[in-house]
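Report on the following structure.
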Amino acid sequence: MPPLHILPGATLFPNPLLRHPSKTLIPKPRPPSALLQWNRKPELSGTTPRVTVITSGKGGVGKTTTTANIGLSLARFGFSVVAIDADVGLRNLDLLLGLENRVNYTVIEVLNGDCRLDQALVRDKRWSNFELLCISKPRSKLPLGFGGKALTWLVDALKARPGGSPDFILIDCPAGIDAGFITAITPANEAVLITTPDITSLRDADRVTGLLECDGIRDIKMVVNRVRTDMIKGEDMMSVLDVQEMLGLPLLGVIPEDSEVIRSTNRGYPLVLNKPPTLAGLAFEQAAWRLVEQDSMQAVVVEEQPKRGFFSFFGGINLQYCLWLWKCFCCNACP
């Protein structure tokens with residue numbers, strides 16, 4: 001009998017099926033190569049607090065939705081977050097978070113000396129480490145003197161508050177590239193660019209990328225929102241690889257089109273809090289995870305398997321030839 005060689009990583013077990021006592025080699029199960037990382041807390045990289053502006057240039061691409069879902073995802077990870085709604089005239093972040101009835105004071109009252117900064121901060125009851133700060137009320141007179149210096153003072157006040165500075169300060173940027181955009185990006189040191197796979201959004205996103213780089217913001221990541229795989233397969237929508245090739249930015253996340261977004265917006269209940277979670281909610285959580293660790297993802301092309309049907313054994317011949325064969329098989333007639 002040849003000698004028995006034991007492979008590394010193998011365990012010896014007796015084999016009851018053999019007549020003579022012997023030992024059978026049963027290899028140990030190998031751990032999976034890729035494990036889900038939800039059993040640990042993401043490691044915060046970079047200096048805190050991290051001031052991140054969420055912008056796009058074009059309106060209606062999902063800046064406020066991204067701010068609400070990523071902000072609450074960061075709070076669920078255990079980080080302290082302050083979300084600033086920098087849209088002076090049209091404020092919507094409080095609606096998406098369901099905190100519209102609790103906003104009593106804004107930044108304008110803080111600057112005028114009518115209240116303290118901690119009174120203007122609205123703490124979420126679901127996650128106490130998430131706070132909302134609005135600049136002005138929707139029906140109030142537009143403050144013409146509010147600019148980048150005022151927002152920078154506000155961010156510095158949040159860093160130096162007695163309770164401790166937050167880990168993340170998320171700034172929801174208004175649409176356009178006018179004075180509101182310049183005000184929102186002034187105190188930020190990193191940016192998340194939201195875009196959709198259409199040419200109008202991509203043109204605006206490319207313009208905003210140049211403005212962010214001119215302002216000194218080099219850490220720019222991209223989130224592609226409202227992606228539909230069926231339209232990509234039908235070549236009616238640009239793929240994520242095409243968007244990344246056009247903009248040349250690292251990819252933070254890909255958010256699929258989800259009808260649950262409208263329902264969660266009307267309820268004031270962000271997607272990341274849904275149970276069971278939706279695909280868009282999971283994508284927002286993954287984007288928040290990469291934002292914490294300053295990581296990025298890589299888009300891949302998934303080719304669709306060819307459909308196997310009745311005519312697949314013909315090797316891809318056209319339908320007219322198949323009908324001719326069927327005619328020959330039935331009545332031996334030629335076309």
Side-chain angles (χ1 to χ4, degrees), residues 37 42-58 61-77 79 81-84 86 93 155 166-175 177 181 184-198 201-227 238-256 270-272 280-300:
Q37 299 181 351
E43 299 177 359
L44 180 61
S45 61
T47 59
T48 57
R50 291 172 52 183
V51 184
T52 306
V53 59
I54 299 178
T55 180
S56 67
K58 188 177 184 299
V61 297
K63 295 184 299 296
T64 306
T65 303
T66 304
T67 305
N69 286 276
I70 287 184
L72 278 179
S73 297
L74 295 175
R76 293 179 65 188
F77 293 154
F79 303 103
V81 183
V82 174
I84 301 177
L93 185 57
V155 172
D167 297 322
F168 287 90
I169 299 177
L170 302 181
I171 302 176
D172 185 16
C173 182
I177 55 174
F181 170 79
I185 69 174
T186 299
N189 49 31
E190 59 181 308
V192 176
L193 186 64
I194 313 297
T195 184
T196 54
D198 58 85
S201 179
L202 291 177
R203 172 186 284 183
D204 296 347
D206 185 58
R207 174 63 173 163
V208 167
T209 302
L211 294 176
L212 291 173
E213 292 177 351
C214 291
D215 196 68
I217 302 176
R218 301 295 179 181
D219 188 2
I220 307 173
K221 292 183 176 61
M222 174 181 59
V223 172
V224 184
N225 194 16
R226 304 182 66 177
V227 176
M238 285 182 290
S239 64
V240 180
L241 286 175
D242 297 334
V243 174
Q244 193 173 11
E245 183 179 356
M246 292 182 64
L247 296 179
L249 297 175
L251 189 61
L252 184 66
V254 178
I255 314 299
L271 288 172
V272 294
L282 292 176
F284 278 121
E285 285 189 352
Q286 294 173 3
W289 188 286
R290 299 185 189 98
L291 181 64
V292 172
E293 299 187 345
Q294 292 184 344
D295 196 4
S296 60
M297 64 177 294
Q298 183 177 2
V300 295

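Everything numeric in this text was worked out from a predicted model, so none of it was measured.
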Pair Leu291-Arg50, side chain to side chain contact (heavy atoms under 4.5 Å, CB included): steps then yes or no
CA-CA 10 Å; Leu291 181 64; Arg50 291 172 52 183; 3.9 Å; yes

In Å and rounded to the nearest 0.5 Å, what is the [atom1] to [atom2] distance from [X] to [Y]?
{"X": "Phe284", "Y": "Leu74", "atom1": "CZ", "atom2": "CG", "value": "12.5 Å"}
{"X": "Ile70", "Y": "Thr52", "atom1": "CD1", "atom2": "OG1", "value": "9.0 Å"}
{"X": "Glu190", "Y": "Ile220", "atom1": "CD", "atom2": "CD1", "value": "10.5 Å"}
{"X": "Glu245", "Y": "Ser239", "atom1": "CD", "atom2": "OG", "value": "8.5 Å"}
{"X": "Ile54", "Y": "Ile84", "atom1": "CD1", "atom2": "CD1", "value": "11.5 Å"}
{"X": "Gln286", "Y": "Leu252", "atom1": "CD", "atom2": "CG", "value": "10.5 Å"}

In short, salt bridge (charged side-chain N to carboxylate O under 4.0 Å, His left out) pairs touching residues 206-219 with sequence neighbours left out are Asp219-Lys221

State whether the side chain of Arg76 and the backbone N or O of Glu285 hold a donor-acceptor pair below 3.5 Å, judged by distance alone.
no

Are side-chain N/O atoms of [X] and [Y] paired as donor and acceptor at under 3.5 Å?
{"X": "Ser56", "Y": "Lys63", "value": "yes"}
{"X": "Thr48", "Y": "Asp167", "value": "no"}
{"X": "Ser201", "Y": "Asp204", "value": "no"}

Contact between [X] and [Y] at the side-chain level, heavy atoms closer than 4.5 Å - yes or no?
{"X": "Asp198", "Y": "Arg226", "result": "no"}
{"X": "Val223", "Y": "Leu193", "result": "no"}
{"X": "Pro197", "Y": "Val227", "result": "yes"}
{"X": "Asp295", "Y": "Trp289", "result": "no"}

Compare every heavy atom of [Y] with every heavy atom of [X], then report the nearest pair and how far apart it is.
{"X": "Ala191", "Y": "Leu212", "answer": "CB-CD1, 3.8 Å"}
{"X": "Val81", "Y": "Gly71", "answer": "CG2-O, 3.8 Å"}
{"X": "Ala184", "Y": "Cys173", "answer": "CB-SG, 3.8 Å"}
{"X": "Leu247", "Y": "Met222", "answer": "CD1-SD, 3.3 Å"}
{"X": "Ala280", "Y": "Leu271", "answer": "CB-CD1, 3.8 Å"}
{"X": "Pro174", "Y": "Ala86", "answer": "CD-O, 4.0 Å"}

Residues Asn69, Ile255; criterion side chain to side chain contact (heavy atoms under 4.5 Å, CB included); working and verdict:
CA-CA 11 Å; Asn69 286 276; Ile255 314 299; over 6 Å; no

Using the side chain to side chain contact (heavy atoms under 4.5 Å, CB included) rule, take Val192 and Ile194 through it: C-alpha gap first, then chi angles, then the decisive distance, then the call.
CA-CA 6 Å; Val192 176; Ile194 313 297; 3.9 Å; yes

Given Val53 and Phe181, is the side chain to side chain contact (heavy atoms under 4.5 Å, CB included) satisfied, shown in steps?
CA-CA 10 Å; Val53 59; Phe181 170 79; over 6 Å; no

